[in-house]
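Notes to accompany the following structure.
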There are 2 protein chains.
Amino acid sequence: MAGLVSFDGLRLEDGMPIYLQIIRFLERGIAAGAVRDGDELPSRRVLSARLGVNPNTIQKAFRVLEEDGLVTSRAGAKSEISLAPERAEAIRRRLLEEEAAALARALKQMGLDRDQAAALVRQLWDRQEESP
Amino acid sequence: MAGLVSFDGLRLEDGMPIYLQIIRFLERGIAAGAVRDGDELPSRRVLSARLGVNPNTIQKAFRVLEEDGLVTSRAGAKSEISLAPERAEAIRRRLLEEEAAALARALKQMGLDRDQAAALVRQLWDRQEESP
DNA sequence: GCAACTGTATTATACCTATAATACAGATAG
DNA sequence: CTATCTGTATTATAGGTATAATACAGTTGC
């Protein structure tokens, strides 16, 4: 039943620290229900190679996740997702709130109203699929 | 006719460099039409005090803006916005695209569809007004 | 058991961001 | 004219981020 977290689709951008982007990506997977309690994580080294990022940077992300209780690690074995259902739901609510609120503030400052904002999101929804 | 850029409503968050947040804030004002060609900018020192940010950080933002052609500065006098109409429209299009696309990617990864995303934006639109 | 994986730790370097304290020259208002 | 604003430049320090090169110990699979 326990799957494996793939990190497929993670595209690193600049302007935000890499280790934070990794954490955010994982949390979004949790919010979607795609990442569940007991799921295995790829090893630091493997993920480092796959993302083209230094192992220490991966380790930093994982260390923060562990301090946060989302990941458990025993030295020598693979790390796992540790996630109570209430926690998952809390993360989902927080992320939805954060993302939408950030957009709302931005678009408000740009002079859009509620309907224009919703229409814009609708319009641009299908307009970016391609990946490198 | 030429107004004064106030920078009111700028709330600094963490996770992104301060000087980039300042630039982004100004660009959004441009996109909204609230910041126009010829508008005066507050002095580095004044803005520094008002935002509680080091003068050098303000200077960095202004230097980037000047290298980008959005601001002109003559040593001794106040700096001004330098903005052709086409440039303003280009900035508006770019920002709208960036903001909405970022939200779309986030919400897609969280499992929402287009209608749910638009509904969420609509729903949370009025739910954050308060300022410090 | 042993090889090959795993997590973990250490040290070093480089760059970026932000702060701090000055200093100097040009513009402006009184 | 002069005081006070303005932009600009310099030097120093501190912290965070990312990279690099190792090293060591625990686990897992054959």
Side-chain angles (χ1 to χ4, degrees), chain A residues 2-7 10-27 38-83, chain B residues 2-7 10-27 38-83:
Chain A
L4 188 145
V5 183
S6 70
F7 285 92
L10 206 186
R11 296 192 311 142
L12 298 176
E13 305 168 5
D14 45 21
M16 180 175 301
I18 296 176
Y19 80 97
L20 287 180
Q21 294 187 51
I22 293 173
I23 293 174
R24 205 173 199 66
F25 186 87
L26 190 73
E27 287 181 329
D39 280 359
E40 240 181 22
L41 291 161
S43 83
R44 272 76 160 163
R45 291 172 178 84
V46 165
L47 190 55
S48 164
R50 210 149 69 206
L51 298 181
V53 169
N54 191 280
N56 296 334
T57 303
I58 307 292
Q59 167 64 8
K60 175 159 191 177
F62 278 42
R63 209 197 76 227
V64 173
L65 284 166
E66 185 164 16
E67 288 171 351
D68 215 45
L70 280 178
V71 168
T72 58
S73 303
R74 359 193 297 276
K78 291 250 185 77
S79 297
E80 284 186 4
I81 297 293
S82 168
L83 186 62
Chain B
L4 188 144
V5 183
S6 70
F7 285 92
L10 206 186
R11 297 193 309 142
L12 297 176
E13 306 168 5
D14 46 20
M16 181 177 300
I18 295 175
Y19 80 97
L20 287 181
Q21 294 187 52
I22 293 173
I23 293 174
R24 204 172 199 65
F25 186 87
L26 189 73
E27 287 181 330
D39 280 0
E40 239 180 23
L41 290 161
S43 81
R44 273 75 159 163
R45 291 172 178 84
V46 166
L47 190 54
S48 164
R50 208 149 72 206
L51 299 181
V53 169
N54 191 279
N56 296 335
T57 302
I58 307 292
Q59 167 63 9
K60 175 158 192 177
F62 278 43
R63 210 197 76 228
V64 172
L65 284 166
E66 186 164 16
E67 288 171 350
D68 215 45
L70 281 178
V71 168
T72 58
S73 303
R74 356 191 299 273
K78 292 247 185 76
S79 298
E80 284 185 3
I81 297 292
S82 169
L83 186 62

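Reminder, nothing fancy here: chain letters follow the sequence lines and each chain counts from 1. The structure presented is a predicted model; accordingly, all values stated were derived computationally and were not measured.
- Rounded to an integer number of Å, the gap from A/Gln59 CD to D/dT22 C1' is 15 Å.
- When each of C/dG7, C/dA27, D/dT17 is scored by its nearest atom to the side-chain atoms of A/Lys60, the top-ranked nucleotide is D/dT17.
- The CG atom of B/Leu20 sits 15 Å away from the C1' atom of D/dG16 (whole-angstrom rounding).
- B/Pro42 approaches B/Leu47 most closely through the heavy-atom pair CG-CD1, 4.2 Å.
- The only option from B/Glu66, B/Arg63, B/Lys78 that meets the side chain to side chain contact (heavy atoms under 4.5 Å, CB included) definition with B/Ser73 turns out to be B/Glu66.
- Contact detail for A/Val64 and A/Tyr19: the closest heavy-atom pair is CG2-CE1, 4.3 Å.
- When heavy atoms are screened at a 4.0 angstrom cut-off, A/Tyr19 is found touching the sugar-phosphate backbone but no base atom.
- Atom-to-atom, CD of B/Glu80 to P of D/dT6 comes out at 15 Å; the value is rounded to the nearest Å.
- Listed nucleotides: C/dT17, D/dT8, C/dT6. Nearest to the side chain of A/Val46: C/dT6.
- Between B/Ser79 and A/Ala77, the residue anchored nearer the 5' end of DNA chain D, judged by the nucleotide with its closest heavy atom, is B/Ser79.
- Whole-Å rounding puts the A/Ile58 CD1 to C/dT8 P distance at 14 Å.
- Between A/Leu26 and A/Leu70 the shortest side-chain heavy-atom distance does not fall below 4.5 Å.
- Overall bending of the helix from C/dG1-D/dC30 to C/dG30-D/dC1, expressed as the angle between end axes built from five pairs apiece, is 30° (10° steps).
- Residue B/Val71 comes nearest to B/Ser79 through the heavy atom pair CG1-CB, 3.9 Å, listed as atom of the first residue, atom of the second, then distance.
- Side-chain contact between B/Ile22 and B/Leu51: present, with at least one pair of heavy atoms (C-beta onward) separated by less than 4.5 Å.
- At the heavy-atom level, A/Arg45 lies under 4.0 Å from base atoms of the strands shown.
- Taking atom CD on B/Glu40 and atom C1' on C/dT28, their separation rounds to 12 Å, with Å as the unit.
- Residue B/Ser73 places its side chain closer to D/dG7 than to any other of D/dG7, C/dT19, D/dA18.
- Closest approach to the A/Asn54 side chain among D/dA20, D/dG26, C/dA27 is made by D/dA20 (side chain taken as heavy atoms from C-beta onward).
- Using a 4.5 Å cut-off on side-chain heavy atoms (C-beta onward), A/Phe7 and A/Leu41 make contact.
- For the pair A/Arg74 CZ and D/dA25 P, the interatomic distance rounds to 19 Å; values are reported in whole Å.
- Taking every side-chain heavy atom of A/Arg44 into account, C/dG7 is the closest of D/dT8, D/dT19, C/dG7.
- Each of A/Asn56 and A/Gly76 lies near DNA chain C, and the nucleotide nearest A/Gly76 is the one positioned closer to the 5' end.
- Between B/Phe62 and A/Met16, the one whose closest nucleotide on DNA chain D sits nearer the 5' end is B/Phe62.
- The distance between atom CD1 of A/Ile18 and atom P of D/dA20, rounded to the nearest whole Å, is 11 Å.
- Among D/dA18, C/dG26, C/dT19, the nucleotide with an atom closest to any side-chain atom of B/Thr57 is C/dT19.
- Of the possible donor and acceptor atoms, one in the side chain of B/Gln21 sits under 3.5 Å from a partner among the backbone N and O of B/Glu13.
- The interatomic distance linking A/Ile23 (CD1) with D/dA18 (P) rounds to 11 Å, in whole Å.
- Nucleic acid contact class of A/Glu66 (heavy atoms, under 4.0 Å, all strands): sugar-phosphate only.
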